[in-house]
Amino acid sequence: MAEILVVVDMQNDFVSGVLGTQEAFDIVPQVVGRVVDGLNRGETVLFTRDTHEADYLSTQEGKHLPVPHCIRGSEGWEIIPQLQEYAAHPIDKPTFGSQYLGSLLKARDEDLRRQGQPGVEKVTFIGVCTDICVISNALLAKAFLPEAEIAVDAACCAGVTPESHRTALRAMKACQIAVEHEDETD
């Protein structure tokens, strides 16, 4: 079974830096455990990395969230130390959702089908922020792979606030994205 695990934006600025939250800090052991488990089960593991340039404050996002973060080359931009050994080639994304990630998932699906295999059967999302980048990328994956199961592991996600995390989980459910381990997030 072709399964892909996508680790969204587990970067210093979102865990312990300028936009860090206690909830993001608290999920680190679960995220590391899920990555290791996924690799041991043969999942393809992909990482995304929120990436902004020095002109961030003049961008559309910067005008709405005037907190410089994840500036390319900064310590805050780096994947957290606990995951660096697994994130050799993260997908840099300049905004919430990554069209490149969607294209990559679709290409993997097509490649498997050309080989006579069923294609990508499941894509699971973990990371931060549930209510911004996780939901954006899960919905993009659903658009690129409408027949694959798209899931989010709630126990390995954190939102900007606990309430916005729960709201995002409800929104994803409404869009036929499976929510796993939701009871473990309350």
Side-chain angles (χ1 to χ4, degrees), residues 1-11 14-15 24 27-51 78-159 165 168-185:
M1 181 169 175
E3 292 190 26
I4 297 174
L5 176 66
V6 180
V7 184
V8 178
D9 299 355
M10 288 298 294
Q11 295 164 260
F14 291 126
V15 175
I27 67 165
V28 169
Q30 293 93 298
V31 170
V32 173
R34 180 63 181 84
V35 167
V36 170
D37 179 61
L39 289 169
N40 287 338
R41 291 186 306 110
E43 281 181 310
T44 299
V45 179
L46 304 173
F47 284 77
T48 68
R49 182 168 54 189
D50 195 41
T51 301
E78 297 294 336
I79 300 293
I80 61 171
Q82 300 90 324
L83 291 170
Q84 282 183 357
E85 68 181 285
Y86 309 109
H89 303 286
I91 297 166
D92 290 339
K93 57 183 192 55
T95 188
F96 305 142
S98 172
Q99 292 181 30
Y100 178 75
L101 173 64
S103 297
L104 192 64
L105 294 172
K106 179 78 172 166
R108 177 73 175 134
D109 183 68
E110 291 170 348
D111 186 48
L112 288 167
R113 290 180 190 284
R114 274 193 297 277
Q115 297 173 32
Q117 297 179 38
V120 174
E121 295 175 84
K122 183 175 182 181
V123 181
T124 303
F125 288 85
I126 62 176
V128 295
C129 294
T130 317
D131 45 330
I132 303 173
C133 293
V134 173
I135 192 173
S136 296
N137 285 289
L139 289 169
L140 275 168
K142 189 73 171 164
F144 277 88
L145 297 175
E147 294 305 315
E149 179 184 358
I150 307 299
V152 61
D153 186 336
C156 293
C157 290
H165 167 77
L169 295 175
R170 286 192 301 273
M172 286 187 274
K173 278 189 206 176
C175 294
Q176 300 179 359
I177 294 169
V179 177
E180 302 169 347
H181 306 116
E182 184 174 11
D183 56 324
E184 297 173 27
T185 66

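Computed over heavy atoms, backbone and side chain alike; hydrogens, waters and symmetry mates excluded. Note that the structure is predicted; figures quoted are calculated from it, not measured.
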Set of residues satisfying salt bridge (Lys or Arg N to Asp or Glu O under 4.0 Å) with respect to K142, sequence neighbours excluded: none
R113/E147 ion pair, N-O < 4.0 Å: no
Heavy-atom closest pair, residues Y86 and F47: O-CE1, 3.3 Å
I126 side, atom CD1; E180 side, atom CD - distance, nearest 0.5 Å: 10.5 Å
Distance (rounded to the nearest 0.5 Å) between C157 SG and E182 CD: 11.0 Å
Reported CG-to-CD1 distance for the pair L46 and I91, which is rounded to 0.5 angstrom: 5.0 Å
Reported CZ-to-CG distance for the pair R34 and L39, which is rounded to 0.5 angstrom: 9.5 Å
With V15, the side-chain contact (heavy atoms from CB on, under 4.5 Å) member among D9, I80, I79: I80
Over all atoms of both residues, closest heavy-atom pair of A151 and K122: CB-CE, 3.9 Å
Which atom of Q99 lies closest to which atom of F144, heavy atoms considered: O-CZ, 4.0 Å
Heavy-atom pair of closest approach, residues I132 and I135: O-CG2, 3.4 Å
D131 versus G159, closest heavy-atom pair with distance: OD1-CA, 3.1 Å
Heavy-atom closest pair, residues I27 and C156: CD1-O, 3.5 Å
For F14, all residues meeting ring pair (Phe, Tyr, Trp, His ring centres under 6.0 Å), sequence neighbours excluded: H69
Interatomic spacing from CD in Q115 to CG in D111 - rounded to 0.5 Å: 4.5 Å
Heavy-atom check, side chain of Q30 versus side chain of H181, under 4.5 Å: no
Main-chain N/O of F96 paired to N137 side chain as donor or acceptor, under 3.5 Å: yes
Heavy-atom donor-acceptor pair, D109 side chain to G119 backbone, under 3.5 Å: no
Side-chain donor or acceptor of R49 paired with backbone N/O of K93 under 3.5 Å: no
N/O donor-acceptor pair under 3.5 Å between T51 side chain and P94 backbone: no
Heavy-atom check, side chain of I150 versus side chain of M172, under 4.5 Å: no
Reported CG-to-CG distance for the pair L101 and L140, which is rounded to 0.5 angstrom: 7.5 Å
Verdict with reasoning, C175 to L139, per side-chain contact (heavy atoms from CB on, under 4.5 Å): CA-CA 8 Å; C175 294; L139 289 169; 3.7 Å; yes
From CA spacing to verdict: side-chain contact (heavy atoms from CB on, under 4.5 Å), M10, V28: CA-CA 8 Å; M10 288 298 294; V28 169; 4.1 Å; yes
Test item: E121 side-chain N/O and A2 main-chain N/O as donor-acceptor pair under 3.5 Å: yes
Under 3.5 Å: donor-acceptor pair, side chain of Q11, backbone of D50: yes
